[in-house]
Each structure stands twice: as C-alpha cells, then as structure tokens.
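Here the structure is a predicted model, which means the values were calculated and not measured. Convention: sequence-line order gives letters A, B, ...; per-chain numbering from 1.
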2 protein chains.
Amino acid sequence: MTDVKKPRRRPRSDGQRNRQQLLDVAKAAFTVGEVDIPLDEVARRAGVGIGTLYRHFPNRDALIEAVYRAELDRLAEAAPVLAAQHPPVEALRAWMRLFVDYIAAKQVIAPALNGLVGGTGALYAHSGDVLKAAVNSLVSAAIAAGEFRADIDPLDLLRALAGVSNFSAGPGWEGSAKRLVDILITGSRSSAS
Amino acid sequence: MTDVKKPRRRPRSDGQRNRQQLLDVAKAAFTVGEVDIPLDEVARRAGVGIGTLYRHFPNRDALIEAVYRAELDRLAEAAPVLAAQHPPVEALRAWMRLFVDYIAAKQVIAPALNGLVGGTGALYAHSGDVLKAAVNSLVSAAIAAGEFRADIDPLDLLRALAGVSNFSAGPGWEGSAKRLVDILITGSRSSAS
DNA sequence: GGATATACGGAGCATAACTCCGTTTAACAA
DNA sequence: TTGTTAAACGGAGTTATGCTCCGTATATCC
C-alpha cells in the first residue's frame, strides 16, 4: 500500500526545460495583468505545443497554482530570517510589510488568488499551510515574549493581509496597506485594553 | 449635449419580471456555490431564452455584479441605522460584525468578489463607493467622538474585512473573523500606543 | 547502437460565451 | 376594441477556449 517510487530513469532534460519555460511565460503574463491569457497562447510563447502544456499542468488552475506557489514559498522563507534579525513584534511587522511590498511589486499573487478561491480550494490547502507556518512562528514568538495577547490567532492577521491584496489597485494603496499593518499590530498587543 | 431622456413609454412589465427572475435564479445559484453555472442554465431556470438574459445583462460579469450590488446595498443601508442605535465605536463594531455575518450566511459576496477583481474592476468603482460611504460615516463618528485616532482610514478596515471573506471556508471561521474585528477596533483606538 | 520509457505536437472535440434576427407582445392612442 | 409600434422575446448559430488523444520524436540507459 505504501506509495512505491521507482525512478527507473532520470527525468528528461527537455521536459524540465519546457516546464520551466511555461512557468516563466505564465508568470510574466500574470505579472502584466494578462490573467485570462488563453493557454494556447502561453504554449505558443513558451515555444511548445499545447499538448506539452497540458501534460505538465493538467488544467489552468494547476498552472496558476504552480506560479503562485513558487512566489509564496519565497515569501514564507523570509520569516525565519526576519525572526533572527529583530525582536518578535518588529519581526512580525517587517514580515507583514514584506507581504505588502511583495503584492505591490508583483501582481501575481492578487489576481491569481482571486479566481482560485472560488475554485477547488485545493490551492489553499497547501499554500495556506506554508504561509500559515510562517506567521505562526512569528506570532508565537511575540506571544511568548509577552508582547501579544495570548488569544491572537495568526490566521486572523493573514486573512486581513490577504484582503488588502484584493484592493491592490488605486493610488496610495501601498501606504494604506502599511497603515493597516500597524493597526493590526497595535490591536494585537497585550497592553491594549 | 445634456443627456435627454424621453421615456415615451412605461417599461414593459414582462421585461422587468424577467429581469428579476434572472436575478433571483442567479443569486440562488451563487448562494449554493454554483458560481460557474452556465448562463444558458440560468436562463433555463428562469424560464426565459438565452437571448433575453443577454439583453438584460451583456455578459457574465454584469449579471454577477447586479446580484452582488443589490446585496451590498442592503449591507450599506444598515450603517445609518446602527449609528443611530449605538455609540460610535460600538456602531462600527456592530456593522463590521454584520459584514462578517452577511458573508457567512450568503456565500454570494465572497465568490462573486473573486473573479471580478481580476476583471474590469468596474464593479469596485461603484460598489466600493457605497460601502466606502457606509464605513466612512461610522469611522468619522468614532474619530469625532475622540475614540479613534484621527489618521485611521476607513478603507483600511474595509479592506481587511474583505480579506476575511476570501477565506470563508474552514471550520471556526466565523469566530475567527469576529476576533479580527476586535483587533481592528482595538488597533484603531486613540488610547492605543 | 539498440531498446524503451518519456516527452512532444497539434488536430480535433466539447462546452460555454455571446450574437443575430425573425417573431411576439405590452403599451398607448383613437 | 382595435391598430400601431416600440420593446422584448427566443433560440439557432457563431466563436472562442479548455482539454483530449494518439502518432511521432528523442533522451536515457545498457
């Protein structure tokens, strides 16, 4: 019953190359706002056949997810680094701001996030976890240091942050988002009422 | 150049009836989670031809928007009522909780919200305004009463709230969302840090 | 160099969005 | 009530796009 892996052969080099090319093209398109780009077009730009695209990514969501996941992983990786460099609360604040910056710079996350939530939700199952773990560690540290109330749910903060990404249009958006980070931090402090 | 209106005739009754029927069917479908329901199916359930649907709503987004807008308007209307019944901060808290309840009860908003943000964005232009006005009045009152810091942007709170609607799956979600409301309120108080 | 698993490509199918236009009907006036 | 007409209807047909299928090509390994 155990899932046996028998990698009889090393994965083919052309396969990996094409896969990466597809991801690059897709990411580039999403970043420019072409969220609804036809998959045929993605394949064309990547210089591969449509069949190849579908072999690597069984459907549109799978492709978006792959792009999305890579970005989120990088964001999550920043958490431990920040935790090592700053006191708990400031580490959290810095991370949340990074989150905002990240969304502001690459439109990948926000648009990809939408249109997926309504779908299978399978994306969140994983990607959620990796981010969840990141905030979790930061918030736990703040609570352990007595800076945060013990009843703060890290997910709450993540949710609020994700919301901001939905509105990532409009001028002055970034500053607004960073103010929100401060509100959230302040509201979570143990000294607060 | 002024936009002249000459309603030579009263709008036809069957037209209005069909339009309403389409809205009802669509709302019902969305509420049950059938966000991707084919428009032919919507027309069929409403007992009208596909042509009729498209005359009333030029495309899918227009239909979703119409449903969505009606719901948001109702939510916005609650703001003045609550403001009359409670002191400023509590009115805001109550309204934000209503927001959460609303999302929890009817899945209309969350799924419809997604898949539209990535689109034309025209939806937010209006619907945003009506909600914006609602929160604005509540927050302004709280600031005027000296309960909130003067630099609080009502939109920040709205954004955070909208984010929660994205994660409206998973157990214990509602309680979590309400905790977030409290965090936001606490973080906005003038007494805080 | 031969065998074979692995990957490729793109024609073709299915589905769903959206258009077009001939037919029907509600509103109004005489 | 009946005639006129603007308004609305319906659904066949067009187009666009997601996705499948399978014969061909090639990287890997021996």
**Q** May I ask you to decide if B:Glu147's main-chain N or O and B:Ser190's side chain share a donor-acceptor pair within less than 3.5 Å?
**A**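 Here the side-chain-to-backbone pair exists.
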**Q** How long is the line joining CD1 of B:Ile50 and C1' of C:dA17, in whole Å?
**A** 8 Å
**Q** In this structure, how many angstroms lie between the C1' atom of D:dA16 and the CD atom of A:Glu41, rounded?
**A** 14 Å
**Q** Between B:Asp14 (CG) and D:dA6 (P), how many Å, whole number?
**A**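 Going from CG in B:Asp14 over to P in D:dA6 covers 17 Å.
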**Q** What about A:Arg12, does its side chain sit under 3.5 Å from the base of D:dA27 through a donor-acceptor pair?
**A** no
**Q** Under 4.0 Å, counting only non-hydrogen atoms across every strand here, what does A:Leu39 touch: a base, just sugar-phosphate, or nothing?
**A**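 Result for A:Leu39 = sugar-phosphate.
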**Q** To the nearest 0.5 Å, tell me how far A:Leu92 CG sits from A:Ile185 CD1.
**A**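 Going from the CG atom of A:Leu92 to the CD1 atom of A:Ile185 covers 4.0 Å.
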**Q** Between B:Trp95 and B:Leu75, is there a donor-acceptor pair closer than 3.5 Å when you use the side chain of the first and the backbone of the second?
**A** yes
**Q** Do the side-chain N or O atoms of B:Arg9 get closer than 4.0 angstrom to the phosphate oxygens (OP1, OP2) of D:dT5?
**A**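 No, no such contact exists.
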**Q** To the nearest 0.5 Å, what is the distance between CD (A:Glu90) and CD (A:Gln85)?
**A** 13.0 Å
**Q** Start at the 5' end of DNA chain C and walk down; is the nucleotide closest to A:Arg19 or to B:Ile37 reached first?
**A**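 The residue closer to the strand's 5' end, by nearest nucleotide, is A:Arg19.
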**Q** So what does B:Gly51 hit on the nucleic acid, given a heavy-atom distance under 4.0 Å: a base, only sugar-phosphate, or nothing?
**A** base
**Q** Which comes earlier along DNA chain C counting from the 5' end, the contact point of B:Asn59 or that of B:Arg17, where each point is its nearest nucleotide?
**A**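 Upstream on the strand: B:Asn59.
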**Q** Nearest whole angstrom, please: distance from the C1' of C:dA16 to the CD of B:Glu34.
**A**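 Interatomic distance, CD of B:Glu34 to C1' of C:dA16: 15 Å.
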**Q** Taking OP1 and OP2 of D:dC9, is either one under 4.0 Å from a side-chain nitrogen or oxygen of B:Asn18?
**A**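 Answer is yes, contact under 4.0 Å.
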**Q** Relative to the 5' end of DNA chain D, which residue comes earlier, B:Pro11 or A:Asp40, by the nucleotide with the nearest heavy atom?
**A** B:Pro11
**Q** Can you tell me if B:Arg10 touches the phosphate of C:dC28, counting only side-chain N or O atoms and a distance under 4.0 Å to OP1 or OP2?
**A**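 Affirmative; the distance criterion is met.
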**Q** For the side chain of B:Arg60, counting heavy atoms from C-beta on, which of C:dC18, C:dA11, D:dA8 is nearest?
**A** C:dC18
**Q** Under the 3.5 angstrom rule, does the side chain of B:Arg149 hit a backbone N or O of B:Gly187 as a donor-acceptor pair?
**A** yes
**Q** Indicate whether OP1 or OP2 belonging to C:dA7 is found under 4.0 Å from a side-chain N or O atom of A:His56.
**A**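 No, A:His56 has no side-chain N/O under 4.0 Å of OP1/OP2 on C:dA7.
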**Q** How long is the line joining CG of B:Leu63 and C1' of C:dA17, in whole Å?
**A**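 Result: 13 Å.
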**Q** In whole angstroms, how far is the C1' atom of C:dA16 from the CZ atom of B:Arg44?
**A**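 Atom CZ in B:Arg44 sits about 15 Å away from atom C1' in C:dA16.
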**Q** Considering only heavy atoms from C-beta outward, does the side chain of A:Glu41 approach that of A:Arg44 to under 4.5 Å?
**A** yes
**Q** Just to be sure I understand the rule, does A:Thr52 reach a base, reach only the sugar-phosphate, or reach nothing, if contact means heavy atoms closer than 4.0 Å?
**A** base
**Q** Of the nucleotides D:dG18, C:dA17, C:dC8, which has the atom closest to the A:Pro38 side chain?
**A**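 Within the option list, the nearest is D:dG18.
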**Q** Roughly, in whole Å, what's the span from CZ in A:Arg55 to P in D:dT24?
**A**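 Distance, rounded to whole Å: 16 Å.
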**Q** For DNA chain D, whose closest nucleotide is more 5', that of A:Tyr54 or that of B:Val48?
**A**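 Upstream on the strand: B:Val48.
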